[in-house]
Amino acid sequence: MPELPEVETIRRDIEPYIKGRAIKAVGAIRAKNVLKGIKAKRLEKALKGQRIERVERRGKYLIFKLASGNCLIIHLGMTGKILKKPDRFVKVTFHLSNGKSFYFSDIRMFGKVSFSKTYPVLNLGPEPLADDFTANRLKEMLKGRGGNLKALLLNQKFLAGVGNIYASEALFLAGINPKRRAGSLKFAEVKKLHKSLREVLLAGIKYRGTSVSDYRDASGRIGGYQHRLKVYDREGRFCKKCRSKIRRIVIGQRSTFFCPHCQS
DNA sequence: ACCTAAACCTGGGCGC
DNA sequence: TGCGCCCAGGTTTAGG
């Protein structure tokens, strides 16, 4: 489910709700599959009494920074949610010192909850919305890459936070065919792609994420960007620019949507 | 480096 | 109603 804009929306929802509060207790229900590198008992022991200083996002990861320097790390996978009110798929419950709680819920259990004594090393590419991600930097990153461009945009070690929806949308906005070789882009195209990536991610945040199926914010509400998608999930429908039919192809086992006319 | 397939899971939608 | 497919915002691993 959640790509950079969805994770950022959740981060902004949850930080003021939990900031400065201590974790009083941790509950785990059928959570074995979502706890990575730590068992429920040890996680509770490690977190108990710790004050949450801030919530950061790196790529698609949420990093809950604790006053001790320890970190709670959550990746939402495909269907993971952070909720202020529980639903029937809650796997881990975090009870806070003020009597409130927040919940990690996940139907498919591709999400992961982990703990680190220090700030985690996540091995991710640059943050697309950071100032140091420039068109020139993207040009250098693409140089000599022989693989498929759209597949590369989904590679978190290449660029952090872009997922299947925003990759298709950015390529449409840039007018670039998803089947292109990554290293074949001319600088004018690199500049367009750079701008488009930032534009679609910022718009995704502005409209509080894309709910084509499971995504919900921390209050359980749907996002708004699904109404603004230009190509994703629009196979067979008319391109909003040129009225051609949007096509769906598969690249690297993932659905990829594009306009064959605007992205020739 | 790069590609493919499969695996991890559950639930919803659709055709029959 | 029900069964059997197919699909899904992600990541990892194995093998070629």
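Lettering follows sequence order; numbering is per chain, from 1.
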Atom NZ in A:Lys240, atom SG in A:Cys262: separation rounded to 0.5 Å?
12.5 Å

Which nucleotide wins on minimum distance to the side chain of A:Asn33, given the candidates C:dG10, B:dC9, B:dC3?
B:dC9

Pick base, sugar-phosphate or nothing for A:Arg30, based on heavy-atom distances below 4.0 Å to the nucleic acid.
nothing

Measure from the side-chain heavy atoms of A:Glu3 and tell me the nearest of C:dT11, C:dG10, C:dC7.
C:dG10

Across all strands shown, which nucleotide pairs with B:dC9 by Watson-Crick or G-U wobble geometry, both distances under 3.5 Å?
none

Whole angstrom is fine here: how far is it from CD1 in A:Ile107 over to P in B:dT10?
11 Å

Starting at atom NZ of A:Lys81, determine the distance to atom P of B:dT10, rounded to an integer number of angstrom.
16 Å

In whole Å, I'd like the distance from the CD1 atom of A:Ile73 to the P atom of C:dT11.
15 Å

From the options A:Leu62, A:Val55, A:Ile52, A:Leu47, select the one residue that forms a side-chain contact (heavy atoms from CB on, under 4.5 Å) with A:Leu72.
A:Leu47

Rounded to whole Å, please give me the gap between NZ in A:Lys150 and P in B:dC2.
17 Å

My understanding is that only one of A:Arg208, A:Lys84, A:Arg221 makes a salt bridge (charged side-chain N to carboxylate O under 4.0 Å, His left out) with A:Asp13; could you say which?
A:Arg208

In whole angstroms, the gap separating C1' of C:dT11 from CG of A:Asp106 amounts to 13 Å

What's A:Tyr166 touching, base or sugar-phosphate or nothing? Going by heavy atoms closer than 4.0 Å.
nothing

Residue A:Met109, side-chain atoms from C-beta onward, closest of C:dA8, B:dC9, B:dC2
B:dC9

Verify the contact: side-chain N or O of A:Arg88 to OP1 or OP2 of B:dT10, cut-off strictly under 4.0 Å; return yes or no.
no

NZ of A:Lys91 versus P of B:dC8: gap in Å, rounded?
17 Å

Answer with base, sugar-phosphate or nothing: what part of the nucleic acid does A:Lys112 contact at a heavy-atom distance below 4.0 Å?
nothing

Return no unless some side-chain N or O of A:Arg181 is found under 4.0 Å from OP1 or OP2 of B:dC3.
yes

What is the ring orientation for A:His194 with A:Phe133, classed by angle as parallel under 30°, tilted 30 to 60°, or perpendicular over 60°?
tilted

Identity of whatever pairs with B:dA1 - Watson-Crick or G-U, under 3.5 angstrom:
none

Inter-nucleotide P distance (B:dA5, C:dC7), Å rounded:
14 Å

Starting at atom CG of A:Leu4, determine the distance to atom P of C:dG10, rounded to an integer number of angstrom.
12 Å

Residue met sooner reading DNA chain C from 5', once A:Arg108 and A:Lys36 are mapped to nucleotides
A:Arg108

Checking contacts here: which listed nucleotide (B:dC3, C:dA8, B:dG11) is nearest the side-chain heavy atoms of A:Phe89?
B:dG11

Return the stacking result for B:dC9 and A:Phe110: yes when the ring centres lie under 5.5 Å apart and the planes under 30°, no otherwise.
no

Look at A:His75 and C:dG10 and indicate whether a side-chain polar atom (N or O) is within less than 4.0 Å of OP1 or OP2.
no

Which sits closer to the 5' end of DNA chain B, A:Gln253 or A:Leu152, going by the nucleotide each is nearest to?
A:Leu152

Pairwise P distance, C:dT11 and B:dG11 [rounded to whole Å]
22 Å

Write down the distance between NZ (A:Lys157) and P (C:dT11), rounded to a whole number of angstrom.
10 Å

Looking only at side chains, do A:Lys150 and A:Asn164 share a donor and an acceptor under 3.5 Å apart?
yes

Applying side-chain contact (heavy atoms from CB on, under 4.5 Å) to A:Val113 and A:Ile38, what does each step give before you reach the verdict?
CA-CA 9 Å; A:Val113 176; A:Ile38 193 163; over 6 Å; no

With respect to the phosphate group of B:dC9, does any side-chain polar atom (N or O) of A:Thr79 fall under 4.0 Å of OP1 or OP2?
no

